[in-house]
K.L.:
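Below are the structure tokens for one structure; questions will follow.
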Amino acid sequence: MALTRRNFLVGAASAAGIAAAGLDARAETNGASASAQHAEYATLLDIEKCIGCGQCVEGCRERNGSRYPEVKKPLPVMFPPGTKDEDWSGKRDVDDRLTPYNWLYIESVAVQKDGAPLELHIPRRCLHCTNPPCANLCPWGAASRQPETGTVSIDSQTCLGGAKCRTVCPWHIPQRQSGVGLYLDLMPRFAGNGIMYKCDRCADSFTHGQLPACVEVCPQQVQTIGPRDEILAQARKLAQERGAYLYGVTENGGTNTFYLSPVPFSELAAQAKPGPGKPTFAPVADSMAQAGNLTRMLMTAPLVGVAGALVSAARQGQGPNHTQARPQGALHDPKTEAALSGGLLKKLWVTVALLLGFTGMMQLPVASRYGIAKVPGLTWTGDFYTTLNVHYILAALLLALGLYWLTLQVRGRLRGRLAYWGKVRLAVLGVVVLSGMARVAKNLPSITFSPGMTTFIDLVHLGFAVLLGVLCLWLWVTGRGAWREDG
């Protein structure tokens with residue numbers, strides 16, 4: 001059931017209080033309980049009702065004006081030369097697109113309905129995806145989704161303005177303002193470029209029991225907000241009764257914003273002029289659809305490595321030249337021993353580890369900025385989804401190789417043992433693997449970490465990966481081996 005201001009006060013205060021206590025949120029409407037766990041809120045926008053008065057835009061600005069960026073000038077000179085900053089501080093009045101100072105705008109489109117001209121006015125803002133790529137792929141956890149409300153927000157205290165969230169968003173919603181934020185205190189010339197801003201459904205006001213400003217001030221009641229299941233049921237019912245069309249139900253795997261239109265959205269997409277700060281109404285596939293498959297691949301990789309080692313050991317023990325009992329810790333086939341102890345397996349491991357480190361770094365917004373994506377053969381590094389998939393595949397291969405080697409070592413199939421520095425490297429690698437697995441789990445729609453936990457996991461993963469690389473380089477330069485052969 002839709003929420004009135006009075007009902008929203010009850011539901012929002014309850015959700016905020018219970019969420020703070022770490023319990024499941026409950027929302028109540030019209031005095032009755034809508035006590036579904038994690039009652040995500042969704043909004044239905046009946047665009048045929050909108051008259052384009054712009055009160056929602058003004059209401060949004062008034063409610064959130066204190067959160068708009070205050071720029072420190074002059075802006076840092078960015079490196080490398082040609083890196084552009086984005087400064088909207090002198091264009092705060094722009095209201096025909098999304099900007100860091102305008103989180104909602106009205107798009108007007110002229111179409112035909114039953115042969116008659118029809119002008120539609122459409123409030124455009126963040127759709128708050130149910131499995132948002134901006135939150136899943138943000139390298140610092142600055143973008144996050146609140147499971148209690150379904151709201152996707154960006155923390156201005158931790159955002160560095162790399163704009164990866166905008167790149168991976170199918171509608172390119174977040175907008176950047178340079179000259180503000182944490183990056184100014186770190187390496188303002190070389191990394192970061194400000195803070196990303198977008199609609200968060202007036203999250204600050206929500207904790208005090210207020211409706212989002214755009215919903216509250218609309219004179220035509222264009223928007224209806226309530227528990228997602230109820231709003232979705234209402235949207236489908238209205239669409240069926242009117243012969244209307246819905247957008248946002250399945251787009252990008254599902255969102256918490258549903259548009260109801262009297263004409264197909266393909267017509268709206270054809271008439272509108274998408275561009276920077278102007279999202280499209282074109283069909284959008286689920287950008288995180290591969291997350292589940294890639295996670296299953298990673299979970300299976302260690303089992304594949306163990307199985308491969310067992311099969312390899314069994315074949316060596318059953319060959320025609322291996323009828324005699326093997327001495328403990330020795331392999332009879334010199335070629336196999338060389339491959340396992342320091343030849344092929346080692347080279348493959350090093351190659352995969354180096355590529356894994358490279359694709360991991362490409363998860364940061366550096367490939368385009370530093371021209372890596374322009375290098376022939378490396379253009380794929382400019383696509384975050386491609387680098388993510390390659391990174392996952394390499395991680396699965398590394399896990400399989402690691403468990404393959406470990407199984408052979410445990411079964412006494414390798415001659416030799418880990419030296420001290422080999423054990424150190426293995427321990428550091430273990431932290432990288434565990435933090436990486438936690439990061440992978442976050443990409444699943446059913447798992448959500450707090451922004452602080454996400455930031456912690458990301459920093460641990462990146463920090464220990466860098467430590468592992470530095471350690472390996474130092475050991476190589478100083479000639480300290482990780483493996484000690486038995487005499």
Side-chain angles (χ1 to χ4, degrees), residues 1-12 27 29-30 41-68 92-99 101-111 113 116-128 149 151 198-206 208-228 230-232 234-235 237-239 241-242 244-248 255-263 265 268 271-272 277-279 281:
M1 186 175 295
L3 297 184
T4 63
R5 176 176 173 78
R6 178 178 179 278
N7 295 329
F8 191 79
L9 286 168
V10 176
T29 60
N30 287 348
Y41 285 92
T43 51
L44 169 62
L45 291 90
D46 189 345
I47 63 178
E48 202 166 12
K49 289 183 178 180
C50 184
I51 59 176
C53 65
Q55 288 194 36
C56 57
V57 177
E58 291 304 315
C60 176
R61 286 179 171 238
E62 290 178 9
R63 178 79 63 83
N64 297 294
S66 62
R67 300 163 61 199
Y68 288 164
R92 298 188 182 208
D93 294 334
V94 173
D95 63 359
D96 62 348
R97 55 158 289 172
L98 299 175
T99 79
Y101 300 90
N102 197 61
W103 305 348
L104 165 71
Y105 79 99
I106 303 295
E107 179 180 36
S108 298
V109 179
V111 294
K113 181 185 179 183
L118 174 66
E119 186 173 24
L120 295 173
H121 306 285
I122 313 167
R124 304 304 306 272
R125 55 163 175 75
C126 176
L127 281 79
H128 299 279
T149 63
T151 298
K198 72 173 193 67
C199 159
D200 61 3
R201 299 199 291 197
C202 299
D204 287 354
S205 300
F206 177 86
H208 297 93
Q210 287 183 283
L211 286 166
C214 57
V215 178
E216 189 172 65
V217 303
C218 179
Q220 300 300 115
Q221 295 185 330
V222 172
Q223 298 192 58
T224 306
I225 188 170
R228 188 179 194 275
E230 297 179 13
I231 294 298
L232 180 56
Q234 179 182 352
K237 180 181 178 182
L238 290 174
E241 291 175 351
R242 300 182 190 177
Y245 304 86
L246 289 173
Y247 189 89
T255 78
N256 283 320
T257 302
F258 311 132
Y259 286 95
L260 181 69
S261 169
V263 298
F265 283 93
L268 298 181
Q271 295 300 321
K278 295 185 176 182
F281 269 125

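Worth saying up front: this structure is predicted, and the values here are computed from it rather than measured.
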K.L.:
Which atoms form the tightest heavy-atom contact between Ser108 and Glu119, and what is the distance?
P.N.:
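Between these two residues, the closest heavy atoms are CB-OE2, 4.0 Å.
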
K.L.:
Is Glu241 atom CD crowded by more than 12 heavy atoms from other residues, nucleotides or ligands, each under 6.0 Å away?
P.N.:
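Enclosed: over 12 neighbouring heavy atoms sit under 6.0 Å from CD of Glu241.
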
K.L.:
Partners of Asn256 by side-chain hydrogen bond (donor to acceptor under 3.5 Å, both in side chains), sequence neighbours excluded?
P.N.:
Glu40, Arg228

K.L.:
Side chain to side chain contact (heavy atoms under 4.5 Å, CB included) for Thr43 and Ile231? Distances and angles first, verdict last.
P.N.:
CA-CA 7 Å; Thr43 51; Ile231 294 298; 6.0 Å; no

K.L.:
Less than 6.0 angstrom separating the ring centers of Phe265 and Phe281, yes or no?
P.N.:
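Judged by ring-centre distance (under 6.0 Å), Phe265 and Phe281 do meet the cut-off.
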
K.L.:
Output yes when a side-chain donor or acceptor of Arg67 lies under 3.5 Å from a complementary backbone atom of Asp204, and no otherwise.
P.N.:
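Absent.
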
K.L.:
Shortest non-hydrogen contact from Asp200 to His128?
P.N.:
CA-CE1, 3.8 Å

K.L.:
Side-chain contact, heavy-atom cut-off 4.5 Å: Ile122 with Val109?
P.N.:
yes

K.L.:
Flag the pair Leu268 / Glu107 as yes when at least one side-chain heavy-atom distance between them is below 4.5 Å, and no otherwise.
P.N.:
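Leu268 does not reach Glu107 side chain to side chain.
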
K.L.:
So do the side chains of Asn64 and Cys202 get within less than 4.5 Å of each other, counting heavy atoms only?
P.N.:
yes

K.L.:
Do Leu104 and Pro123 have side-chain heavy atoms sitting under 4.5 Å apart?
P.N.:
yes

K.L.:
Would you mind telling me which of Thr255, Leu127, Thr257, Leu260 makes a side-chain contact (heavy atoms from CB on, under 4.5 Å) with Tyr247?
P.N.:
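The passing option is Leu127.
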
K.L.:
Going from CG on Asp46 to OH on Tyr259, what distance comes out if it is rounded to the nearest 0.5 angstrom?
P.N.:
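It is 12.5 Å, given to the nearest 0.5 Å.
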
K.L.:
Might you point out which heavy atoms bring Leu98 and Pro279 nearest each other, and give the distance in Å?
P.N.:
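Scanning both residues, the minimum pair turns out to be CD1-CD, 4.2 Å.
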
K.L.:
Work out which heavy atom in Ala239 is nearest to a heavy atom in Leu246; give both atom names and the distance.
P.N.:
CB-CG, 4.0 Å

K.L.:
Write down the atom of Pro262, the atom of Ile47, and the distance for their closest heavy-atom approach.
P.N.:
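Shortest heavy-atom contact: CD-CG1, 4.3 Å.
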
K.L.:
Evaluate the criterion side chain to side chain contact (heavy atoms under 4.5 Å, CB included) for residue pair Cys214 and Arg63; output intermediate values, then yes/no.
P.N.:
CA-CA 9 Å; Cys214 57; Arg63 178 79 63 83; over 6 Å; no

K.L.:
Testing the basics here: between His121 and Ile51, what is the closest heavy-atom pair and its distance to 0.1 Å?
P.N.:
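The answer is CD2-C, 3.6 Å.
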
